Colleague: 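Dropping the structure in here first, questions after.
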Amino acid sequence: MSDVVKIGVHGAAGRMGRMIVKAAQAGDLHRVSLALDSPSSPLLGQDAGQLAGVGNIDVPLTRADEFIDAPDVMIDFSVPEACVKIAKICGERQIPLLVATTGLTEDQRKEVLAASQMTALLIAPNTSTAVNLGMKLVREAARALKDLPDGVDVEIVERHHRYKADAPSGTALKFGEIVAAELGQTEHVHGRHGRTGQRKQTEIGYHALRTGDNVGEHCIVFGLLGETLEVNVRGHNRDSYAVGAVNAACFLSRQKPGLYTMDDVLGF
Ligand SMILES: NC(=O)C1=CN([C@@H]2O[C@H](COP(=O)(O)OP(=O)(O)OC[C@H]3O[C@@H](n4cnc5c(N)ncnc54)[C@H](OP(=O)(O)O)[C@@H]3O)[C@@H](O)[C@H]2O)C=CC1
Ligand SMILES: O=C(O)C1=N[C@H](C(=O)O)C[C@H](O)C1
C-alpha cells in the first residue's frame, strides 16, 4: 500500500487553498488527491495544479458537495458555512480533518467539534510554527505576570490584508483565550471609541488593522507600570501556514478519532 498521504483540499481555489495544493505537491510524502470548492465556483473543472501554478496534476476542481473518492485527510481553508458542511461529511465518512477556516460562530464551532467523535479533528486558527510557539510564550508571560501588585494590561493588535472577511483574526481570539485563561480576564473589548472611562483590569483589548496584502501579523502587548513586554509574530508570506497545515494533516492521517491541537503536531 502506498505510504504517500492523499490530501483533500477544501477551498482549493482560494488564496490559501492554492498554497496548500502547492505545498502538498512538494516532496514525495504527500500528494493532492481531491480539490474541492464552492458549487458556484466558475473554476470548477479546472486542474487544481494549474490553479496553484504548479502545472497539471490531473485533479480537477470539484464541487464540495459531490465527491466520491475519500482522501486520507482533508484540509479546510474555506468559509464558515462550508466548513460546517465538510466537517459533517468528514465525520460521517471518518476522514481526518484539519479545520483552518476562522470566523465561525460558537454554534458553528460546536457543529464542527462533533466530528471528533468519529474521526481525527484539529481546529487550528493558525498553522504557522512561529505563531504556535508565540502562543506558548504568551501563556508563559501571562502566567508570570498574573499576580503583579499593579496588574498587567493585555491588548492584542493584529494586521491583515484588505480581503480578510472576519475580525478580529481567529489567531487573535486564540491568543486572547490563552491570556484570559491565565489572568482570569472576563471582558473581551473589541476596539474603543468615545468616553470609555478608565480601562478595567478585567479587560483584554483587540484591535484589527486591514491594509494592503499583509499575510498576518500579531502583537500581544503586556502593559505594566513603567515598562511594556510585546510578543510579535509576523508572516512574510503564506508559506508558513501552508507547510504547517500539510504537516498537521499528515499527522492527523495517522491518528485515531479525537480532538488534536497544533501542540500535539509540533511536540510543544
Ligand atoms: N489556520 C491558518 O493558519 C490560516 C487560516 N486562514 C483562514 O482560512 C480561510 C480562507 O482564507 P483565504 O484562503 O484567504 O480565503 P479565500 O476567500 O481566498 O478562500 C476561501 C475559498 O473557499 C471557497 N468557498 C466559498 N464557499 C464555499 C463552499 N460552499 N464550499 C467550498 N468552498 C467554498 C471560496 O470560493 P469562492 O471564492 O468562489 O467563494 C474560496 O475559494 C479564512 O477563514 C482565513 O481566516 C487563512 C490563512 C492561514
Ligand atoms: O485570513 C488570513 O489571511 C489569516 N487568517 C487566520 C486568522 O484569522 O487567524 C490566520 C492568519 O492570521 C491569516
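What you see is a predicted model, and the numbers here were worked out from it, not measured in a lab. Order of listing sets the numbers, starting from 1, for every ligand and every atom in it.
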Colleague: Just to confirm my output: which protein heavy-atom neighbour is closest to atom 8 (O) of ligand 2, and how far is it?
Modeller: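 Looking at atom 8 (O) of ligand 2, the protein heavy atom closest to it is Lys164 NZ, 2.8 Å.
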Colleague: Using a 4.0 Å cut-off to any heavy atom of Thr102, which atoms of ligand 2 qualify?
Modeller: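 Checking each atom against Thr102, I get 7 (C), 8 (O).
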Colleague: Closer than 4.0 Å to some heavy atom of His160 - which atoms of ligand 2 meet that?
Modeller: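 Listed by number with element: 2 (C), 3 (O), 4 (C), 11 (C), 12 (O), 13 (C).
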Colleague: Do you see a donor-acceptor pair shorter than 3.5 Å between the side chains of Glu158 and His207?
Modeller: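 Side-chain D/A pair, Glu158 to His207: absent.
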Colleague: Side-chain donor-acceptor pairs under 3.5 Å in residues 235-246, sequence neighbours left out?
Modeller:
residue, atom, partner, partner atom, Å
Asn237, OD1, Asp239, N, 2.8
Tyr241, OH, Val215, O, 2.8

Colleague: Is there a heavy atom of Arg15 sitting under 4.0 angstrom from any atom of ligand 2?
Modeller: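 Per 4.0 Å heavy-atom rule, Arg15 does not contact ligand 2.
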Colleague: Run the numbers for me: atoms of ligand 1, each under 4.0 Å from some heavy atom of Ala13, listed by number.
Modeller: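 Numbered from 1, ligand 1 contributes 41 (O).
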Colleague: Show your working on side-chain hydrogen bond (donor to acceptor under 3.5 Å, both in side chains) between Glu187 and Thr202 and close with a plain yes or no.
Modeller: CA-CA 6 Å; Glu187 289 180 75; Thr202 52; 2.7 Å; yes
Colleague: Which one of Val79, Leu43, Asp65, Thr62 has a non-hydrogen atom at the shortest distance from atom 26 (N) of ligand 1?
Modeller: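 Nearest heavy atom to atom 26 (N) of ligand 1 lies in Val79.
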Colleague: Heavy-atom distances under 4.0 Å decide this one: backbone, side chain, both or neither, for Asn126 against ligand 2?
Modeller: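 The part of Asn126 near ligand 2 is the side chain, not the backbone.
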Colleague: Indicate yes or no for a side-chain donor-acceptor contact from Asp150 to the backbone of Leu225 under 3.5 Å, with no hydrogens or angles considered.
Modeller: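 The answer is no, because no donor-acceptor pair under 3.5 Å joins these two groups.
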Colleague: Is the contact between Ser169 and ligand 2 made by the side chain, the backbone, both, or neither, using heavy atoms and a 4.0 Å cut-off?
Modeller: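 Both backbone and side chain.
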Colleague: At the 4.0 Å heavy-atom cut-off, does Val215 count as touching ligand 2?
Modeller: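 Val215 counts as a contact of ligand 2 under the 4.0 Å cut-off.
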Colleague: Decide yes or no for Asp28 and Val4: does some side-chain heavy atom of the first lie under 4.5 Å from some side-chain heavy atom of the second?
Modeller: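 Of all side-chain heavy-atom pairs linking Val4 with Asp28, none is under 4.5 Å.
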Colleague: Is there a nitrogen or oxygen of Thr127 sitting under 3.5 Å from a nitrogen or oxygen of ligand 1?
Modeller: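 The answer is yes, given that Thr127 and ligand 1 share an N or O pair closer than 3.5 Å.
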Colleague: Which one holds for Lys174 and ligand 2: side chain close, backbone close, both close, or neither close, with close meaning a heavy atom under 4.0 Å?
Modeller: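 Within the 4.0 Å criterion, Lys174 makes no contact with ligand 2.
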Colleague: Can you find a pair of side-chain heavy atoms, one from Val189 and one from Ile204, that are under 4.5 Å apart?
Modeller: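 Result no, sub-4.5 Å side-chain heavy-atom pair not found.
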Colleague: How far is atom 8 (O) of ligand 1 from its nearest protein heavy atom, and which residue and atom name does that atom have?
Modeller: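 The protein heavy atom lying closest is Phe77 CD2, 3.4 Å.
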Colleague: Set out, in order, the CA-CA distance, both residues' side-chain angles and the distance that settles salt bridge (Lys or Arg N to Asp or Glu O under 4.0 Å) for Arg139 and Glu177, then state yes or no.
Modeller: CA-CA 10 Å; Arg139 180 178 290 111; Glu177 198 181 289; over 6 Å; no
Colleague: Just jot down the ligand 2 atoms closer than 4.0 angstrom to any heavy atom of Pro125, in number order.
Modeller: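 Matching atoms, with element in brackets: 6 (C), 7 (C), 9 (O), 10 (C).
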Colleague: Of all the non-hydrogen atoms in the protein, which one sits nearest to atom 3 (O) of ligand 2, and at what distance?
Modeller: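 So the nearest neighbour among protein heavy atoms is His161 NE2, 2.9 Å.
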Colleague: Under the rule for salt bridge (charged side-chain N to carboxylate O under 4.0 Å, His left out), what residues qualify as partners of Glu230, not counting sequence neighbours?
Modeller: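 Applying salt bridge (charged side-chain N to carboxylate O under 4.0 Å, His left out) to Glu230 gives none.
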Colleague: Is Tyr241 near ligand 2, meaning one of its heavy atoms is under 4.0 Å from it?
Modeller: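 The answer is yes: ligand 2 sits under 4.0 Å from a heavy atom of Tyr241.
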Colleague: Do Tyr260 and Leu121 have side chains that get closer than 4.5 Å, going by heavy atoms?
Modeller: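 Heavy-atom side-chain distance check fails, nothing below 4.5 Å.
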Colleague: Less than 4.5 Å apart, side chain to side chain, heavy atoms only: is that true for Leu122 and Val99?
Modeller: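 They are not in side-chain contact.
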Colleague: About how many Å separate CG of Leu29 and SG of Cys250, when rounded to the nearest 0.5 Å?
Modeller: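 Here the interatomic distance stands at 7.0 Å.
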Colleague: Among protein heavy atoms, which lies nearest atom 10 (C) of ligand 1, and at what distance?
Modeller: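 Ranked first by proximity to atom 10 (C) of ligand 1 is Ser78 O, 3.5 Å.
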Colleague: Between Ser38 and ligand 1, does any nitrogen or oxygen pair lie at a separation below 3.5 Å?
Modeller: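 Yes; at least one N/O pair falls below 3.5 Å.
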Colleague: Looking only at distance, does Tyr241 have an N or O less than 3.5 Å from an N or O of ligand 1?
Modeller: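 For ligand 1, there is no N or O atom that lies under 3.5 Å from one belonging to Tyr241.
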Colleague: Which atoms of ligand 1 are found less than 4.0 Å from any heavy atom of Thr101?
Modeller: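 This gives 43 (O) as the contact atoms.
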Colleague: Give me the nearest non-hydrogen protein atom to atom 35 (O) of ligand 1 as residue plus atom name, then the distance to 0.1 Å.
Modeller: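 The protein heavy atom lying closest is Asp37 OD1, 2.9 Å.
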Colleague: Would you mind checking which non-hydrogen protein atom is closest to atom 7 (C) of ligand 2, with the distance to 0.1 Å?
Modeller: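 Looking at atom 7 (C) of ligand 2, the protein heavy atom closest to it is Gly170 N, 3.4 Å.
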Colleague: For atom 37 (O) of ligand 1, is the nearest protein heavy atom under 4.0 Å away?
Modeller: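 Within 4.0 Å: no protein heavy atom nearby.
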Colleague: Is the closest heavy atom of Met16 to ligand 2 under 4.0 Å?
Modeller: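 No.
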Colleague: Indicate, with yes or no, if Val32 and Leu44 share a hydrophobic cluster defined by side-chain heavy-atom contacts under 4.5 Å among Ile, Leu, Val, Met, Phe, Trp and Tyr.
Modeller: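 No, it is not one cluster - the side chains of Leu44 and Val32 are not joined through contacts under 4.5 Å.
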Colleague: Give the numbers and elements of all ligand 1 atoms closer than 4.0 Å to a heavy atom of Thr102.
Modeller: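 Within the 4.0 Å cut-off of Thr102, ligand 1 contributes 43 (O), 44 (C), 45 (O).
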Colleague: Heavy-atom distances under 4.0 Å decide this one: backbone, side chain, both or neither, for Pro125 against ligand 1?
Modeller: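 The answer is the backbone of Pro125.
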Colleague: Provide the number and element of each atom of ligand 1 under 4.0 Å from a heavy atom of Met16.
Modeller: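 In order of numbering, the contacting atoms are 13 (O), 46 (C), 47 (C).
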Colleague: Should Ala124 be counted as touching ligand 1, given the test is an N or O pair under 3.5 Å?
Modeller: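 Yes, there is a polar N/O contact under 3.5 Å.
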Colleague: Quick one: look up the protein heavy atom nearest atom 5 (C) of ligand 1 and list residue, atom name and how far away it is.
Modeller: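 The protein heavy atom lying closest is Ala100 O, 3.1 Å.
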Colleague: Find all atoms of ligand 2 within a distance of less than 4.0 Å from any non-hydrogen atom belonging to His218, and give their numbers and elements.
Modeller: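 Per the distance check, 12 (O).
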Colleague: Please determine, by modelled atom types, if Asp76 and Ser78 share a side-chain donor-acceptor pair under 3.5 angstrom.
Modeller: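 Judged by distance alone, the side chains do pair up.
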Colleague: Salt bridge or not between Lys146 and Glu182? Use side-chain N to carboxylate O under 4.0 Å.
Modeller: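 No, Lys146 and Glu182 are not salt-bridged.
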Colleague: Given the rule in the salt bridge (Lys or Arg N to Asp or Glu O under 4.0 Å) test, do Asp65 and Lys85 qualify, once you have shown the distances and angles that lead to the verdict?
Modeller: CA-CA 8 Å; Asp65 56 356; Lys85 288 178 184 169; over 6 Å; no
Colleague: Any side-chain donor-acceptor pair under 3.5 Å between Ser169 and His160?
Modeller: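 There is no such pair between these side chains.
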Colleague: Among protein heavy atoms, which lies nearest atom 28 (C) of ligand 1, and at what distance?
Modeller: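 The answer is Ala82 CB, 3.3 Å.
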Colleague: Among protein heavy atoms, which lies nearest atom 19 (O) of ligand 1, and at what distance?
Modeller: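 For atom 19 (O) of ligand 1, the nearest protein heavy atom comes out as Gly14 CA, 3.4 Å.
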Colleague: Tell me yes or no: between the side chains of Ser253 and Asp72, is some donor less than 3.5 Å from an acceptor?
Modeller: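 Note: Ser253 and Asp72 side chains miss the donor-acceptor criterion.
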Colleague: Out of Arg15, Lys164, Arg63, His10, indicate the one that has the non-hydrogen atom closest to atom 18 (O) of ligand 1.
Modeller: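 Looking at heavy atoms only, the winner is Arg15.
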Colleague: Need the ligand 2 atom indices (1-based, order shown) with element for anything under 4.0 Å from a heavy-atom of Thr171.
Modeller: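 Listed by number with element: 7 (C), 9 (O), 10 (C), 12 (O).
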Colleague: Please tell me whether His10 and Phe77 form a close aromatic pair, meaning their ring centres lie under 6.0 Å apart.
Modeller: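 Centroid separation for His10 and Phe77: 6.0 Å or greater.
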Colleague: In terms of hydrophobic clustering (I, L, V, M, F, W, Y; side-chain heavy atoms under 4.5 Å; direct or indirect links), are Ile89 and Ile123 co-clustered?
Modeller: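 In one cluster: yes.
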